[in-house]
Amino acid sequence: MKLRGAYGESGRAPSAFAAIRTYESTSGDEGEPAVTPGNIGDPDLGPERSREFEGGFEASFFEDRISASFTAYRQRTYDALVNVQPTPSNGFTDTQLRNVGEFENRGIEFDLDTDVIRTEAVTWRLGGSYSTNFTEAIETGPSGDIYVGWNNEIKEGEPVPAVYRDVVKNPDQIPDDPQNVEFEERNLGASYAPQTLNLNTSVTLWEDLTLEVLGQGKFGHVLSSGTAYQNVRREKWPTCNDIQAQISNGDYSGLTAGQIGRCDPDQTTYGMWTRAADYFKLRSLSLQYRVPDQYLPGRLRNASLRFQGRNLFTITDYPGLDPEAFEDGNRPFALFRQEYYNLPPVRSFTFTLKTNF
Amino acid sequence: MITQSLRSILFLLTGLLVAGLLAAGCGDGFFGVDNPGQIQEEDLNTEQAMSAIVTGMSSDLSAELDQLAFLGARYSDEMSATGSYFLTGRARRGVLESDDVSTYWEGIQRARFSAEDGIERMRRVLGENFGERKEMGARALFFAGTSNRVFGENFNRVVFEGGSAKPRTAAFERGVPYFEEAVNVAQTAGAQDLVHAARGGLAQVHMSLGNWDQAQSYAEQVPTDFVYHALFSRNSSREENEVNQETHERYEMSAIETLVGQVGGEDDPRVPYTDCRGNAGASGVCTAENGAGGNNPHLRQEKFPSLGSDIALVKGAEMRLIEAEAAIRGGSPDLSEFTSQINEVRNHYGLSTISQPNQVGDLDFPTTQDDDALSILDRERHLTLWLEGRRLNDLTRWDHPFIEGGALAYTSNIASERATILPLAESECNNNENVQCPDQEVYTP
């Protein structure tokens, strides 16, 4: 077993041009060259600084059949560089890089690999990793809350950033006025997943046939499904069909505020479709067969066949297209995400024949 | 021998390459720069940059004007929201909150800043009176006045340079000196179209301020056939006309169950539309019979038939309508003068004249059958300025009964209660400590 400990400081400089006021080239008057306000700039812009403590161990047991490593860390970032939206009435609408305050990241990283069975005929390996990265805004500077776009904000004591949107006040109650359900803005959770889990296993029989499985998951964050929200508006979202059929007849009887807030095309909000985006995916499953030497034709030195499937299934309660289908908005905001007709990682199948002469 | 041949071939190829580079360098193609990327502000402080700065003002204004025309049409009684965008349902119910309008607020703020800041730069570089570039200066001043006019006409409250919120009249007042200077500079430059345009702008802002004597006096100096456009083109997506995009490329709003749906089409050249019912598919001109929402017939506007169709900023026809309105404001309305001005507009468009109304009357909703002066004025402004981003201002300054939402519009269930004017945007509230937005910003006259 080895014990580890470290302390480090680092800095990150702002990008070129970030501090100065710039204009962007564009066109107007039917194709003539033009300029339009770009980056408002910040003459006080400086580097952000980070300090990090970490400690942990690496260990192996039973003749290296079990190996593990563990790290815990805490990082403070001072004068953090964040793209924020400038005050629109100053005329510049692109995001502005600013030193906005003090953030903290803390978490653990844990890896475990085991040889469950190790014989000449069978080898079975099982492993995985689990990591966390919890963020918190310790201080946001004199400007207070920092709006980073698309209803994502950085507020003291909250994740960096968190999603703030309108949701119904009492989702489980039958509302007094179902055509005017009461909404309120709430912190719906972190935009970025603070927990990551990877699991992998492989089984090899007689050194020729190998089955490998890899699963990956992220947990603890939320994602706005623009696709679901828009299609509820269009009365085209399957999970709302029954409720919308009832509402279209003017009948709100028995419907809770939550059901109305989600499915009434005239009342639903983005917030009602901003939901936990936890998922676990079977990322890869492959089967490989190494052709034994005695079956190889004369000139071949070796040959193998491999079949691999990727993204075979997903376990999630996320109601949109896919918890991994997201964009970062249509403007250069760096910190927020939403799902809006984005393609998820595709399911694919690959067959490979590999030979050496 | 082989080595010598290779050397000769390499020498020949090198010579051809150098000759090719020199030849290409003589044209714009090889060494031309298509997009220089970010430009430092100080690099714009040259006379050579002034043209790009003024074109930028024009571009920034056009880029937002069509967006506001589109949004305003859906939220006023100009068009029905029959599409599939997320604001469609809200538009049908007249719900419009601070977080719905941030991009529109930012766009018109950029246009306003682009013009006002550009003018200051022009004065620093060219001189206080724009030196030899007076026509360019007059155009810049017109854009500054017009962006303030558009700002005030579309938003309930206005904010400048991170300050506190002010009534929208502050934007009209801010526009006045820009227009006044534009008239003077354009006259010096001999640019008569800009003189007319700036006088038209003055008539528009004085109308919204209720300064009827000044509005009338500026309006009467602009000929009926005069038009000054915001320019659009198919050169780039930013330069395209969004109203066309949302009615021709997409079917997001329709003239169904609007005033235009009742009186427009082939009967009034101000408000042309195509009825897509039975006119879609291989044998028709429309791509579908219904709007993108799938439920309501698409009456496709044809006022802007192309992505490059321009939108009028100032029209002589509107000046006559301002004169008509001025004639019935105050204690002794002149219905004869009112009728004369209205009929000049109708003659201009080849329409039949109207008889003199018996009374000033009241605004009603809907207005198609009423024959009092205010209802006629309402109808004529509606049709003459259709889809030009002007209707919300009229509804608001008249406190039009439409904005009370007390009745369904034009017979059916598509259009019901509507919002009147855009609220102060959430992105300003979130980034300006001098401004607070209520949970739901609503219009307060």
Side-chain angles (χ1 to χ4, degrees), chain A residues 16-17 20-39 41 84-94 96 142-149 151 153 164-166 179 183-185 226 229-236 264-270 330-331, chain B residues 35-41 43-44 49 51-60 62-63 84-86 88-90 92-93 95 99 102 105-107 109-110 112-114 116-117 158-163 231-233 235-236 238-239 292-295 308 425 427-428 430-433 435 439:
Chain A
F17 295 108
I20 56 177
R21 180 166 292 195
T22 62
Y23 282 69
E24 294 169 3
S25 61
T26 184
S27 54
D29 291 352
E30 303 181 346
E32 294 299 313
V35 292
T36 186
N39 175 34
V84 302
Q85 186 171 21
T87 306
S89 59
N90 284 325
F92 286 78
T93 56
D94 287 356
Q96 176 189 24
S143 300
D145 300 340
I146 301 162
Y147 184 74
V148 295
N151 288 72
E153 292 185 58
Y164 293 81
R165 285 195 176 276
D166 289 345
Q179 295 189 52
F183 288 85
E184 64 182 357
E185 185 179 277
Y229 173 68
Q230 296 272 23
N231 282 286
V232 168
R233 288 283 190 197
R234 296 171 183 134
E235 301 178 42
K236 306 287 185 195
D264 186 339
D266 284 347
Q267 296 191 66
T268 192
T269 63
Y270 249 109
N330 59 2
R331 289 185 290 182
Chain B
N35 185 348
Q38 297 188 58
I39 302 161
Q40 293 190 47
E41 182 186 36
D43 292 341
L44 295 175
S51 175
I53 288 170
V54 177
T55 305
M57 299 175 192
S58 170
S59 177
D60 286 339
S62 291
S84 58
Y85 283 150
F86 69 94
T88 297
R90 287 171 177 258
R92 288 180 189 151
R93 293 191 300 125
V95 176
D99 58 352
S102 289
W105 174 275
E106 293 159 24
Q109 287 283 11
R110 180 176 53 206
R112 180 190 59 77
F113 172 83
S114 181
E116 293 181 353
D117 185 67
V158 295
V159 177
F160 303 102
E161 281 84 43
L231 301 179
F232 293 84
S233 88
N235 174 64
S236 66
R238 187 175 195 262
E239 295 171 77
N295 299 321
S427 61
E428 185 72 29
N430 286 334
N431 295 287
N432 181 350
E433 59 188 13
V435 170
D439 288 341

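Within every chain, numbering begins at 1; the chains are lettered A, B, ... in the order of the sequence lines, protein sequences first and strands thereafter.
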A.B. asks: Let me know if A:Asn151 has heavy atoms under 4.5 Å from chain B in its side chain, its backbone, both or neither.
C.D. replies: side chain
A.B. asks: To check you understand the geometry: which heavy-atom pair defines the closest contact between B:Gln109 and A:Pro88, and what is its length?
C.D. replies: CB-O, 3.4 Å
A.B. asks: Do A:Thr36 and B:Ser59 touch side chain to side chain, with heavy atoms closer than 4.5 Å?
C.D. replies: no
A.B. asks: Applying the side chain to side chain contact (heavy atoms under 4.5 Å, CB included) test to A:Thr87, which of B:Val159, B:Asn430, B:Asn431 qualifies?
C.D. replies: B:Asn431
A.B. asks: Of the listed residues (B:Arg110, B:Glu116, B:Met57, B:Glu433), which shares the most heavy-atom pairs with chain A below a 4.5 Å separation?
C.D. replies: B:Arg110
A.B. asks: Judged by modelled atom types alone, do A:Thr93 and B:Glu106 share a side-chain donor-acceptor pair under 3.5 Å?
C.D. replies: no
A.B. asks: Side chain of B:Arg112, backbone of A:Ser89: donor and acceptor closer than 3.5 Å?
C.D. replies: yes
A.B. asks: Please determine, among A:Ile20, A:Asp29, A:Thr26, the option with the most heavy-atom pairs under 4.5 Å with chain B.
C.D. replies: A:Asp29
A.B. asks: For a quick test of reading the model, state the closest non-hydrogen atom pair linking A:Asn90 to B:Phe113 and the distance between them.
C.D. replies: O-CD1, 3.4 Å
A.B. asks: Which one, B:Ser114, B:Ala292, B:Gly162, B:Gly163, leads in non-hydrogen pairs under 4.5 Å with chain A?
C.D. replies: B:Gly162
A.B. asks: Atom CZ in A:Arg21, atom CD in B:Gln38: separation rounded to 0.5 Å?
C.D. replies: 13.5 Å
A.B. asks: With respect to chain A, which residue among B:Asp43, B:Asn235, B:Thr55 yields the maximal number of heavy-atom pairs within a distance under 4.5 Å?
C.D. replies: B:Thr55
A.B. asks: Verify whether one side chain among B:Glu239 and A:Ser27 offers a donor that lies under 3.5 Å from an acceptor in the other.
C.D. replies: yes
A.B. asks: Counting only heavy atoms closer than 4.5 Å, note whether B:Ser236 contacts chain A via side chain, backbone, both or neither.
C.D. replies: side chain
A.B. asks: For B:Asp117, which atoms come within 4.5 Å of any heavy atom of chain A: side chain, backbone, both, or neither?
C.D. replies: side chain
A.B. asks: Any idea which of B:Gly56, B:Gly308, B:Ser102 has the most non-hydrogen atom pairs under 4.5 angstrom with chain A?
C.D. replies: B:Gly56
